[in-house]
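To start, the structure under review is shown below, and the notes come after it.
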Amino acid sequence: MPELPEVETVANGVHERVGGQRIVSVWLSSKPQTFKTPAAEMAAALEGRGIERVRRVGKHIVFDLDRAQDSPADSSSSANIQPVSVQPVNVQWIVHLGMTGRLLVSSPDVPLPAHTHAVLGLSSGRELRFVDPRRFGRLAIHSSATSDDAASPAGFQGPGREPLAIALPEFQALFRGRRLAIKSALLNQSLLHGVGNIYADESLFRAGIRPKRMAGRLRRAELERLHGSVQSVLREAIALGGSSVSDYVDADGVRGFFQLEHKVYMRTGQPCLVCGTAIRKIALGGRSTHYCPHCQR
DNA sequence: CATGTTTCCTGACAGC
DNA sequence: TGCTGTCAGGAAACAT
């Protein structure tokens, strides 16, 4: 179940393997719900593009594509001269891994895994493949006008604030007046994006806060602890290559190791590593939620 | 608008 | 062995 640390690991790994290469061919499966952008439109937007950078925004993987071929009908005219009337456009390929999505870089000789939904042929001769058995993943094209303001990078921004960048006052303001459980608020991607079930539970444990506490009623000091614990949990998980739970692997097929650091997630009934109390599991918003009833108030 | 609930999908696993 | 049933979960759609 890829969350921010796993997505960051995958994005970095894919960047190392395909950054600087050109997309020479595109094949997409016939599973329309996988494509937020219609498949034909997506294929046309990708084919011939160079991949400048692959990076993470929230739980999304963003492929920044070059603009070398924005005017294909005009290819006979001199290169690099854009008509003044045409606004330059940023084109990005957005990949969300959902639950079981994987991005693999393979030789074409390697048989296609089951549930392959996209194959991009690359100028290196290798293929970038999107494989997703459960099909909660999504692919989309994001187009946006470029900004002349170099300070504000144009393009896909994601639905919420970046947990690793947000300052304490803004973090505290996110939850002000909210009448839902803090766990649910942490999972709401339009507030903070990137935190999922594992890191929400682990962050709340470190901060000593019960998952069901109403977000808007947390004290300033509690939100300060939570701000710190969200960032420390995510940073430590990134350093360990993410958590391998069920079938998550990074772009190399290597498993992460942060699951060895989990204090509450999937430890139902086992003793709390701090106080020995049995870890409790409850359902909250339809999601399994794990906490220590002694350490978390 | 804010919040809560349902739905999508398949593989893994338990139990018989 | 092989079947059936249950569970997992991100985020969009839908309901309240």
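This structure is a prediction, so every number in the text was calculated from the model and none was measured. Just so we're on the same page: letters track the sequence lines, and every chain starts at 1.
- For the pair A/Gly285 and A/Ala114, nearest-nucleotide mapping onto DNA chain B gives the more 5' position to A/Gly285.
- Inter-residue side-chain proximity for A/Tyr199 and A/Leu186 is flagged as unmet; no heavy-atom pair is nearer than 4.5 Å.
- Atom CD of A/Glu6 sits about 6.0 Å away from atom CD1 of A/Ile198, to the nearest 0.5 Å.
- Neither OP1 nor OP2 of B/dC9 sits under 4.0 Å from any side-chain N or O of A/His115.
- The aromatic rings of A/Trp93 and A/Phe63 sit tilted, their planes meeting at an angle between 30° and 60°.
- Note: CG (A/Leu139) to C1' (C/dA11) measures 15 Å, nearest angstrom.
- Results of the salt bridge (Lys or Arg N to Asp or Glu O under 4.0 Å) test with A/Glu222 over A/Arg297, A/Arg213, A/Arg210 single out A/Arg213 as the only residue that passes.
- Between A/His117 and A/His115, the ring planes are tilted. Angles from 30° to 60° get that label.
- Ion pair A/Arg56/A/Glu162 flagged as a salt bridge, since at least one NZ, NE, NH1 or NH2 atom sits closer than 4.0 Å to an Asp/Glu carboxylate oxygen.
- Rounded to an integer number of Å, the gap from A/Leu97 CG to B/dC8 C1' is 17 Å.
- To the nearest 0.5 angstrom, A/Leu174 atom CG is 9.5 Å from A/Leu223 atom CG.
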Do any N or O atoms of the protein come closer than 3.5 Å to N or O atoms of nucleotides 1-4 of chain B, and which pairs are they?
{"unit_1": "B/dT3", "atom_1": "OP1", "unit_2": "A/Arg179", "atom_2": "N", "d": "2.6"}
{"unit_1": "B/dT3", "atom_1": "OP2", "unit_2": "A/Arg178", "atom_2": "NH1", "d": "3.2"}

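- The shortest distance between side-chain heavy atoms of A/Arg55 and A/His15 does not fall below 4.5 Å.
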Atom pairs, N/O to N/O, protein against nucleotides 7-10 of chain C, distance under 3.5 Å?
{"unit_1": "C/dA8", "atom_1": "OP1", "unit_2": "A/Lys281", "atom_2": "NZ", "d": "2.9"}
{"unit_1": "C/dA8", "atom_1": "N3", "unit_2": "A/Arg134", "atom_2": "NH1", "d": "2.8"}
{"unit_1": "C/dG9", "atom_1": "OP1", "unit_2": "A/Tyr265", "atom_2": "OH", "d": "2.5"}
{"unit_1": "C/dG9", "atom_1": "OP2", "unit_2": "A/Ser288", "atom_2": "OG", "d": "2.6"}
{"unit_1": "C/dG9", "atom_1": "N2", "unit_2": "A/Arg134", "atom_2": "NE", "d": "3.4"}
{"unit_1": "C/dG9", "atom_1": "N2", "unit_2": "A/Arg134", "atom_2": "NH1", "d": "3.2"}
{"unit_1": "C/dG10", "atom_1": "OP2", "unit_2": "A/Arg287", "atom_2": "NE", "d": "3.4"}
{"unit_1": "C/dG10", "atom_1": "O3'", "unit_2": "A/His96", "atom_2": "NE2", "d": "3.3"}

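- Residue A/Asn188 contributes atom CG, which lies 15 Å from atom P of C/dA13 at whole-angstrom precision.
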